[in-house]
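Please read the structure below before turning to the comments.
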Amino acid sequence: AAAAAAAATAAAAAVDPLTCAHLPTAMEGLPGEPVDPSKPLLEGVLEKRGYLNKAFKPRQCVLTSTKFFYFKKGHANPAGTIDLGTIDLVSAVDEAGEFRVFTAGREYVLRGDTTAVSEQWRDGISKAMTNTPRNSVN
């Protein structure tokens, strides 16, 4: 089982070669703080359900102490950012290995390649949220 999990993790990593070392240290036009590649809490590939196209697509994800970033394959700038202070709720991981992140304006559906990976990300986001001041959204 451990070998299968290691192979699945390696396969997920092969989906997108972007690593934390390739992340920019500052991104123009984005509110808030830039990605700090020296301080990721979690980094890896999750599948994200699209907002308009409901298919799941692999995204390189980085969780810092204040933000969750997701990147399209081969892109240096994030396709999206979730400020942890705007998250209202992170759901439990369901039987399909999916979990949801709710903000005032959107519901994000994410899943890892295994339920254990999904739970690791869900727990990481939840823990980081509790240490992030709540932001009001107008």
Side-chain angles (χ1 to χ4, degrees):
T9 301
V15 171
D16 192 339
L18 180 67
T19 64
C20 237
H22 296 101
L23 294 176
T25 55
M27 288 171 268
E28 297 177 35
L30 290 177
E33 68 185 39
V35 173
D36 183 350
S38 67
K39 297 182 184 178
L41 300 175
L42 286 172
E43 191 271 336
V45 175
L46 290 175
E47 290 187 317
K48 185 184 89 51
R49 181 179 292 159
Y51 181 71
L52 298 175
N53 176 356
K54 300 300 182 186
F56 278 94
K57 304 258 180 163
R59 297 291 181 248
Q60 184 70 23
C61 299
V62 177
L63 176 64
T64 69
S65 61
T66 59
K67 297 191 186 294
F68 175 86
F69 299 91
Y70 55 94
F71 299 79
K72 290 182 179 179
K73 183 176 183 175
H75 290 244
N77 288 325
T81 304
I82 305 171
D83 185 328
L84 300 183
T86 65
I87 296 174
D88 295 320
L89 175 71
V90 180
S91 75
V93 175
D94 66 18
E95 62 279 349
E98 299 171 5
F99 65 99
R100 289 161 173 72
V101 175
F102 296 92
T103 66
R106 183 152 175 209
E107 172 188 351
Y108 298 85
V109 182
L110 303 163
R111 69 180 178 200
D113 59 346
T114 66
T115 300
V117 170
S118 294
E119 289 173 352
Q120 179 185 22
W121 277 93
R122 186 248 177 245
D123 293 346
I125 293 169
S126 295
K127 183 176 180 182
M129 264 178 59
T130 62
N131 297 322
T132 302
R134 184 86 178 125
N135 294 341
S136 60
V137 178
N138 296 329

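Positions are given from 1, in the same order as the sequence printed here.
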_Closest approach of Lys54 to Arg49 (non-hydrogen atoms, all atoms of both residues)_ = O-CG, 3.1 Å
Got a list of side-chain donor-acceptor pairs under 3.5 Å for residues 101-112, not counting sequence neighbours?
{"unit_1": "Thr103", "atom_1": "OG1", "unit_2": "Gly105", "atom_2": "N", "d": "3.4"}
{"unit_1": "Thr103", "atom_1": "OG1", "unit_2": "Arg106", "atom_2": "N", "d": "3.1"}
{"unit_1": "Thr103", "atom_1": "OG1", "unit_2": "Arg106", "atom_2": "O", "d": "3.2"}
{"unit_1": "Glu107", "atom_1": "OE2", "unit_2": "Arg100", "atom_2": "NE", "d": "2.9"}
{"unit_1": "Arg111", "atom_1": "NE", "unit_2": "Glu47", "atom_2": "OE1", "d": "2.6"}
{"unit_1": "Arg111", "atom_1": "NH2", "unit_2": "Glu47", "atom_2": "OE1", "d": "3.1"}

*Over all heavy atoms of both residues, which pair between Trp121 and Gly44 is shortest? Give the atoms and the distance, please.*
CZ2-N, 3.5 Å
*Under the ring pair (Phe, Tyr, Trp, His ring centres under 6.0 Å) rule, collect the residues that match up with Phe99, sequence neighbours excluded.*
none
_Full working for side-chain contact (heavy atoms from CB on, under 4.5 Å) between Leu63 and Ile125_ = CA-CA 7 Å; Leu63 176 64; Ile125 293 169; 4.1 Å; yes
*Looking at Cys61 and Leu46, what are the two nearest heavy atoms and their distance?*
SG-CB, 3.8 Å
*asked:* Checking Ala116 now: which residues fulfil side chain to side chain contact (heavy atoms under 4.5 Å, CB included) with it, not counting sequence neighbours?
replied: Thr114
*In chain order, what residues pass the side-chain hydrogen bond (donor to acceptor under 3.5 Å, both in side chains) check against Ser126, with sequence neighbours excluded?*
Arg122
*Over all atoms of both residues, closest heavy-atom pair of Thr64 and Leu84*: O-CD1, 3.7 Å
*All side chain to side chain contact (heavy atoms under 4.5 Å, CB included) counterparts of Ala96, not counting sequence neighbours*: Asp94, Glu98
*Does Val62 reach the side chain of Phe71, with side-chain heavy atoms less than 4.5 Å apart?*
yes
*With sequence neighbours excluded, tell me which residues meet side-chain hydrogen bond (donor to acceptor under 3.5 Å, both in side chains) with Asp88.*
Arg134
_Using every non-hydrogen atom in the two residues, find where Thr115 and Gly97 come nearest and quote the distance to one decimal._
OG1-CA, 4.1 Å
*Please collect all salt bridge (Lys or Arg N to Asp or Glu O under 4.0 Å) contacts where either partner lies in residues 74-85, sequence neighbours excluded, each pair once.*
Lys67-Asp83
*asked:* How long is the straight-line distance from CG of Leu41 back to OG1 of Thr66, given to the nearest 0.5 Å?
replied: 9.0 Å
_For Gln120, all residues meeting side chain to side chain contact (heavy atoms under 4.5 Å, CB included), sequence neighbours excluded_ = Leu42
*asked:* Checking Lys127 now: which residues fulfil side chain to side chain contact (heavy atoms under 4.5 Å, CB included) with it, not counting sequence neighbours?
replied: Asn131
*Which atom names give the shortest non-hydrogen contact between His75 and Lys73, and what distance separates them?*
CD2-O, 3.1 Å
*Can you list every pair that meets ring pair (Phe, Tyr, Trp, His ring centres under 6.0 Å) and has a residue in residues 40-59, with sequence neighbours left out?*
none
